[in-house]
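Here's the structure, in C-alpha cells; my notes come after.
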Amino acid sequence: MVRSMVRRTKRVPVKGWTWMLVALVLFGAGAAAAAQTATPASGILTLAEAVERAAEHAPGVVAARRSLERGSLALESAQIALKPRASASASAAVSDRSSGARASLSGSGTFAPGATWNISLSHGSQSGEGLGNDFNQPVSASFSVSVRLWPPGRDSENWRVLETREDELAALEARLTQAESTAIVDAIEAYGRLAAARGRLELAQEALALARREVELQKDRRSRGMAAESDVIRAEIAVLEQEGALASRRQSVDSATAALAELVGLSAAAVAALELEPVTLDWSSWELPDLEWAVERAQAVSLNVAAQARALESARKALEVLRRQGGPSVSVGGSVNAREGSDVSWTVRIDGSYDLFDSGARANRLAAAERDVADAEIALADALQAVRDEVAAAYRTIESAGRSLAIAAGTAELRRRELEVGREQAARGLISESALERIARDVRAAELDLREAEIAYGVALLKLKALLGFDP
C-alpha cells in the first residue's frame, strides 16, 4: 500500500549548478543544526554554560515554550472571532428568453462588547423576462447596528473566551519563567552530581589498582612463608569487591551524564567527552527568611495557587452570568436602507424577552454552577495548603543539608589530620606505602563528600529561592 503511493517520475538530467545549490542548502541546514547543538570548543563544559544551555534546551523549558506558542495561537483565534468579516457573491443566468447577473457584498463586525454592525450592498439586472426578481434589483445598500443592553455585552461567549485566553496566556508566560528557573537549579544539581560521580570513579579505579597490587604482594609474601593462603584469598576477594564497586561507579557516571545531557541539549557521548570545572556555590549573600513570611510569599507567587484562583474567579463569573441570563433580555438597534430610485429609510427598534417557564432547567444549571464554585474554593484552599507544606519541607531539607554539611566538613578535617599523622608514620616505617595510599584516598573521598554536601545545601537554598519566586 505504501509502494502504491510512490509517484513514478521521469528522470531529468541535473546540471552542475543544481548540484552546487543542493550542496549549499544541505551545508547551511547542517551548519544551523550543528550550531544549535554545538559542544564547547574549549573541551570544557563550564557551569555557566551548562546553566545557559539548560535554560534553553531543558525538556521542561521546551514544553513550556511550545505551550506558550499554542496559547498565543488560541488568543489570536479568540481575537479573530471579534474582528470584522466580509464576503462577496455573484451569479449569472441565461434562459431562452432572458439573461441576467447579480452581485452582493456584505460585512459584519463587533465594535464593543454586545455591540455589532452589519453592512450590505447588492445589485442585479436582467434583459428580458423569466429569471425572477432576484436578477432585477436596483442598487441597494443597508447598514444596521445592534446593542445588547441587558445582560451586559461581556456576558457573550466570544468576549468571555477572549478574557479566558488572555488569562491563560499570562499564566503560560509565568510557567515558562518558572520552567527556566527550575532548569537552572536542575542543571546546577546535575552538574555537581556528575562531577562527584567522576571523582568517585577515579577513586574506585585507584582502589582497584591498589587491591590488585595487594594480591601480588600477598602472593610474594606467601612464597616466602610470610603470609598464609587465607591472606591471598582475602586479597583476591577485595579485588572482586573493588571491581563491583568500580562497575557501580561507572553506572553512576553514565546516569549522571545522561541526566546532564538531557538538560543541556547535548548527546551523552558529547557530555562524556567534556571536562567539568570545580563547582562552588556562594550562598552567603542570602539569609534564610522567616518561615511564615516565606509561606505567604510562596503562596503569592505559586502558579498552582494562581491557576486555582483563576478557576474560582471563572466559576463565580459563570454563576453571575447564569443568574443574569434568567432575567429579562433587552437590546436596541437601528438600520439605514437605501435603494436606487427610492428615498433613504431608517428604522430604530427595541427588543426584549423574558423566559416564563423552562421546567426547572435554569435552576438545575444554577445548582451545578454553585457546586462548581464550592469545588473551586476547596481546590484553592488545598493549593494554599500544598504550598505551605512544600515550603515547610524545603526548610526541613535545608536544615538536614546543613547538618550533613557540618558533618562532612568535620570528617574532611579529621581525614586531613589523619593523613598528616600517616605521613609521619610512613616516614618512620610504621605503616606501609599502600596503607598511606588508602589514607590519602580516604581524604579525597571525604573532600568529595564535602563538595557534594556543599552542592546539596546550595541546591536546597536555590530551590527555596525558586519556590519564593526569586531568580536562582
Side-chain angles (χ1 to χ4, degrees), residues 45-65 173-199 255-265 271 276-306 386-409 448-472:
L45 178 63
T46 65
L47 180 58
E49 290 172 334
V51 166
E52 183 179 358
R53 293 186 67 91
E56 179 70 21
H57 300 288
V61 175
V62 174
R65 192 178 298 118
E173 290 173 347
R175 194 166 295 279
L176 175 59
T177 302
Q178 184 188 58
E180 291 171 346
S181 298
T182 301
I184 290 172
V185 177
D186 291 345
I188 294 173
E189 187 174 16
Y191 192 97
R193 286 181 176 175
L194 178 56
R198 287 182 176 181
S255 298
T257 300
L260 182 59
E262 184 180 23
L263 287 171
V264 300
V271 173
L276 303 181
E277 65 177 1
V279 181
T280 55
L281 299 179
D282 182 16
W283 55 78
S284 59
S285 60
W286 193 67
E287 295 182 359
L288 200 63
D290 176 72
L291 177 59
E292 285 303 317
W293 180 90
V295 168
E296 294 178 0
R297 167 77 185 188
Q299 289 174 342
V301 301
S302 170
L303 295 184
N304 188 33
V305 170
V387 172
R388 174 177 290 275
D389 295 341
E390 190 175 2
V391 172
Y395 270 71
R396 290 193 299 270
T397 300
I398 292 172
E399 183 181 0
S400 176
R403 289 195 300 268
S404 299
L405 177 58
I407 294 172
L448 278 175
D449 291 338
L450 178 57
R451 285 201 294 271
E452 278 191 292
E454 289 173 345
I455 293 172
Y457 185 76
V459 167
L461 288 177
L462 290 176
K463 288 182 177 180
L464 178 61
K465 289 183 69 175
L467 186 61
L468 301 183
F470 296 115
D471 185 0

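In this text the structure is predicted, and so the values were computed from the model without any measurement. Scope of the values below: all heavy atoms of this structure, side chains included, with no hydrogens, waters or symmetry mates. In this chain, residues are counted from 1 in sequence order.
Not one N or O on the side chain of S400 forms a donor-acceptor pair closer than 3.5 Å with the backbone of R396. At least one donor-acceptor pair under 3.5 Å links the side chain of E277 to the backbone N or O of L47. In this structure a side-chain-to-backbone donor-acceptor pair under 3.5 Å is missing from Y191 to V51. Side-chain N or O atoms of R297 include one that pairs as donor or acceptor with a backbone N or O of L468 at under 3.5 Å.
Across A179 and G60, no two heavy atoms sit closer than the pair CB-O, 3.8 Å. In this structure, L45 and A50 approach most closely via the heavy-atom pair CD1-N, 4.1 Å. Contact record, A55 with V61: O-CG1, 3.3 Å, taken as the closest heavy-atom pair. Taking each heavy atom of Y395 and A294 in turn, the nearest pair found is OH-CB, 3.4 Å. Listed here is the closest heavy atom pair of E454 and L405: CG-CD1, 3.4 Å. Taking all atoms of both residues into account, the shortest heavy-atom contact from A183 to A54 is CB-O, 3.5 Å.
Under the side chain to side chain contact (heavy atoms under 4.5 Å, CB included) criterion, E287 pairs with no residue, sequence neighbours left out. In this structure D449 satisfies the side-chain hydrogen bond (donor to acceptor under 3.5 Å, both in side chains) test together with R200, sequence neighbours excluded.
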Run L464 and L288 through side-chain contact (heavy atoms from CB on, under 4.5 Å) and show every step you take.
CA-CA 9 Å; L464 178 61; L288 200 63; 3.5 Å; yes

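For the atom pair CD of E452 and OG of S404, the computed distance is 11.0 Å after rounding to the nearest 0.5 Å. Distance CZ/R65 to CD/E180: 7.0 Å, rounded to 0.5 Å. In this structure, CD on E296 lies 8.0 Å from CZ on R388, to the nearest 0.5 angstrom. To the nearest 0.5 Å, atoms CG (D471) and OG1 (T177) are separated by 10.0 Å. With rounding to the nearest 0.5 Å, the separation of CG in D186 from CG in L260 is 11.0 Å. The distance from the CG atom of L263 to the CD1 atom of I188 is 11.0 Å, given to the nearest 0.5 Å.
The number of heavy atoms from other shown groups lying within 6.0 Å of CD (E49) is above 12. Summarising the local packing, CZ of R198 is surrounded by more than 12 heavy atoms from other residues, nucleotides or ligands at distances under 6.0 Å.
Inter-residue side-chain proximity for N304 and V387 is flagged as unmet; no heavy-atom pair is nearer than 4.5 Å. For the pair H57/E52, no side-chain contact is recorded, criterion being any heavy-atom separation below 4.5 Å from C-beta on.
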